[in-house]
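Shown next, in structure tokens, is the structure this report addresses.
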2 protein chains.
Amino acid sequence: MDLQMRVVEAAEQSFRQFGYKGTTMENVARIANVGKGTIYTFFPSKEALLEHILNRLVVEMRAVADGSIVAGDTFFNNLERALRSVLRFRAQHELLVKLAQEGKQLGTVAVIEGMARVEEAVLNYLRKHLEAGVANGDVKPCNTELVAFIMLRTYTAILVDWESRHEPLSDDALMQVFHVVFTEGLNRTQA
Amino acid sequence: MDLQMRVVEAAEQSFRQFGYKGTTMENVARIANVGKGTIYTFFPSKEALLEHILNRLVVEMRAVADGSIVAGDTFFNNLERALRSVLRFRAQHELLVKLAQEGKQLGTVAVIEGMARVEEAVLNYLRKHLEAGVANGDVKPCNTELVAFIMLRTYTAILVDWESRHEPLSDDALMQVFHVVFTEGLNRTQA
DNA sequence: TCTGTGACCAAAATACAAAAACGGTCAGAC
DNA sequence: GTCTGACCGTTTTTGTATTTTGGTCACAGA
């Protein structure tokens with residue numbers, strides 16, 4: 001395992017556990033078993049280190065989602081399969097939750113900017129697929145940017161706020177709610 | 001206009017403008033044109049004053065929503081009419097937005113508790129009507145508590161987060177999105 | 001020669017004491 | 001009996017001393 005990888009994984013773990021402000025470069029160095037200066041041979045600043053980790057996370061998640069998309073299948077089948085795949089990545093979710101919390105509570109600029117970029121990446125990804133879905137007739141015409149926004153917010157609201165008040169939803173239950181609300185709609189009398 | 005009314009409206013205005021911590025009892029007294037002691041003849045504490053205002057707000061909004069519900073009409077028509085009515089109450093929305101922000105950022109206990117009670121009231125109201133809708137066949141069977149939660153979160157996310165990044169949605173546009181997403185569902189191929 | 005390092009520095013965060021502001025009370029004015 | 005603002009103990013803010021932190025670099029080891 002090379003030095004950079006050790007540094008990145010140490011930082012990722014520390015960010016997840018203690019947040020951005022709560023992790024010191026010295027501590028990252030200690031966990032990674034390197035000198036502090038070594039970190040700066042790979043990353044010019046703490047902020048750059050965070051950005052690298054978030055970029056990696058976005059690329060990784062996009063690959064996972066892409067991997068569960070089947071070319072010929074319908075938009076909603078693909079969406080639900082991708083959702084189920086993404087849901088498995090607990091560590092990544094924990095990191096994002098921790099950073100989102102820190103951003104709102106402490107207002108750390110680097111964190112807010114980083115999270116904004118992650119959110120933008122997810123929204124673009126969702127919107128792109130929604131538009132393709134609209135284009136090929138799977139999805140009703142709609143404001144795709146706004147719908148993507150609503151989907152993401154619903155996802156995070158359930159995983160963060162709901163589960164802090166009630167016992168966590170099983171993956172199946174979450175999938176089912178997404179299906180009933182977004183795919184089918186709640187209206188029983190056909191539109 | 002009697003004293004208590006003056007106090008309540010002064011406090012409401014100040015809470016909306018400066019938040020809970022940002023308003024002092026002395027300032028409320030000055031705006032209301034009363035002595036500070038007078039406030040304490042009506043309310044035993046600042047926290048009680050906030051609770052009174054939030055209770056009043058909940059009662060008021062419930063009355064507005066109830067007022068736009070027509071007994072014989074479908075659940076979704078009633079929902080959309082109620083939404084449109086509630087949407088008009090800008091001042092109340094501003095107060096809630098300000099307090100929600102303060103609760104998350106400063107962690108003020110009184111604010112967090114008060115907002116939790118408001119949210120619970122709204123969720124109960126929504127859930128009650130969703131259950132009635134399921135019972136009479138307008139709404140598909142679903143986890144009504146969770147769906148109520150998703151609807152409220154979507155509503156606030158659009159009004160708070162969306163409008164801070166994009167130009168505000170017109171009431172009509174918001175209604176349309178709600179209709180397409182929740183009522184009809186996004187799936188074009190009939191379920 | 002080149003990768004990796006920890007003592008070192010300016011800047012930022014923290015801890016702490018003095019001062020100001022605040023929520024709440026109450027003797028008294030009207 | 002209603003309403004009030006000077007007053008009190010407590011909390012919050014402010015100014016400052018001290019510590020911690022992000023970042024650098026001269027140098028050690030291979």
Side-chain angles (χ1 to χ4, degrees), chain A residues 1-54 98-99 101-114, chain B residues 1-54 98-99 101-114:
Chain A
M1 200 183 212
D2 75 349
L3 288 179
Q4 176 165 359
M5 200 186 299
R6 288 222 307 271
V7 168
V8 169
E9 302 219 335
E12 195 171 331
Q13 177 189 324
S14 184
F15 285 151
R16 183 169 61 235
Q17 195 160 9
F18 306 110
Y20 182 75
K21 278 200 169 167
T23 81
T24 70
M25 293 303 261
E26 216 162 316
N27 218 321
V28 171
R30 204 175 309 135
I31 298 173
N33 246 314
V34 299
K36 187 163 59 148
T38 306
I39 300 177
Y40 288 89
T41 64
F42 301 120
F43 304 101
S45 68
K46 186 182 180 183
E47 190 168 343
L49 180 53
L50 174 66
E51 278 187 27
H52 175 87
I53 287 173
L54 290 181
K98 185 84 187 179
L99 291 177
Q101 212 171 1
E102 184 175 348
K104 285 219 191 293
Q105 202 158 66
L106 309 189
T108 322
V109 174
V111 172
I112 291 173
E113 286 177 355
Chain B
M1 200 185 213
D2 75 348
L3 289 178
Q4 175 163 1
M5 200 187 298
R6 288 221 307 271
V7 168
V8 169
E9 303 218 336
E12 196 171 332
Q13 178 189 323
S14 184
F15 285 152
R16 182 168 64 232
Q17 196 160 9
F18 307 110
Y20 182 75
K21 277 199 170 168
T23 84
T24 69
M25 294 303 261
E26 216 163 317
N27 219 319
V28 170
R30 205 173 310 136
I31 298 173
N33 247 313
V34 299
K36 188 161 59 145
T38 306
I39 300 177
Y40 289 89
T41 64
F42 302 119
F43 304 101
S45 69
K46 187 182 180 184
E47 191 168 343
L49 179 53
L50 174 66
E51 276 188 28
H52 175 86
I53 287 173
L54 290 181
K98 186 83 186 181
L99 291 178
Q101 213 171 359
E102 184 174 346
K104 285 220 190 293
Q105 203 158 64
L106 309 188
T108 321
V109 175
V111 172
I112 291 174
E113 286 176 355

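Sequence lines set the chain letters: A, B, ... in the order given, protein chains first and strands last, and positions in each chain run from 1. Quick note: numbers below take in every heavy atom, side chains included, and nothing from hydrogens, waters or symmetry partners.
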Review point. A:Lys46 side chain to A:Thr23 main-chain N or O, any donor-acceptor pair under 3.5 Å?
Key: yes
Review point. For the side chain of A:Met25, counting heavy atoms from C-beta on, which of C:dG4, D:dC3, D:dG22 is nearest?
Key: D:dG22
Point to revise | Pairwise 5' ranking along DNA chain C for A:Lys21 and A:Val34, keeping only the more 5' one | key: A:Val34
Exercise for review: Let me know the distance between CG of A:Asp2 and P of C:dT3, rounded to the nearest Å.
Suggested key: 13 Å
Exercise for review: Would you kindly give the CZ-to-P distance between A:Phe42 and D:dG23, to the nearest whole Å?
Suggested key: 16 Å
Point to revise | d(CG, B:Leu106; P, D:dT11) in whole Å | key: 18 Å
Practice item. Nearest whole angstrom, please: distance from the P of C:dG4 to the CZ of A:Arg6. Key: 9 Å
Practice item. Would you please test B:Val109 and B:Glu47 for side-chain contact (heavy atoms from CB on, under 4.5 Å) and show each step? Key: CA-CA 10 Å; B:Val109 175; B:Glu47 191 168 343; 6.0 Å; no
Check your understanding: Nearest to the side chain of A:Lys46 - D:dG22, C:dG23, C:dT5?
Key -> D:dG22
Exercise for review: Nearest whole angstrom, please: distance from the C1' of D:dT24 to the CZ of A:Phe43.
Suggested key: 18 Å
Check your understanding: Can you tell me if B:Glu102 uses its side chain to pair, donor with acceptor, with the backbone of B:Val111 under 3.5 Å?
Key -> no
Review point. From B:Lys98 NZ over to B:Phe18 CZ, what is the distance, rounded to the nearest 0.5 angstrom?
Key: 8.5 Å
Check your understanding: If you check every side-chain atom of A:Tyr40, which of D:dG23, C:dT25, D:dT4 has the closest atom?
Key -> D:dG23
Revision key, fill the gap. Contacts of A:Ser45 and B:Ile39 projected onto DNA chain D by closest heavy atom; the upstream (5') one is B:Ile39
Point to revise | Rounded interatomic separation in angstrom, taking OH from B:Tyr20 and P from C:dC22 | key: 14 Å
Revision key, fill the gap. The nucleotide from C:dT5, D:dC7, D:dT4 with an atom nearest the side chain of B:Thr41 is D:dT4
Using distance only, find each side-chain donor-acceptor pair of residues 2-17 of chain B under 3.5 Å and give its atom names and separation, not counting sequence neighbours.
residue, atom, partner, partner atom, Å
B:Asp2, OD1, B:Met5, N, 3.0
B:Arg6, NE, B:Ala32, O, 2.7
B:Arg6, NH2, B:Ala32, O, 3.3
B:Arg6, NH2, B:Asn33, O, 3.2
B:Glu12, OE1, B:Arg56, NH2, 2.7

Review point. A:Phe18 has an atom CZ; how far is it from atom P of D:dT21, in whole Å?
Key: 12 Å
**Study point:** Minimum-distance nucleotide (side-chain atoms of B:Thr24 versus D:dG22, C:dT5, C:dC22)
**Key:** C:dC22
Exercise for review: Look at the side chain of B:Lys36 and decide which nucleotide, out of D:dA6, C:dC8, C:dG4, has an atom nearest to it.
Suggested key: D:dA6
Exercise for review: Provide, to the nearest angstrom, the distance between the CG atom belonging to A:Leu49 and the P atom belonging to D:dG22.
Suggested key: 11 Å
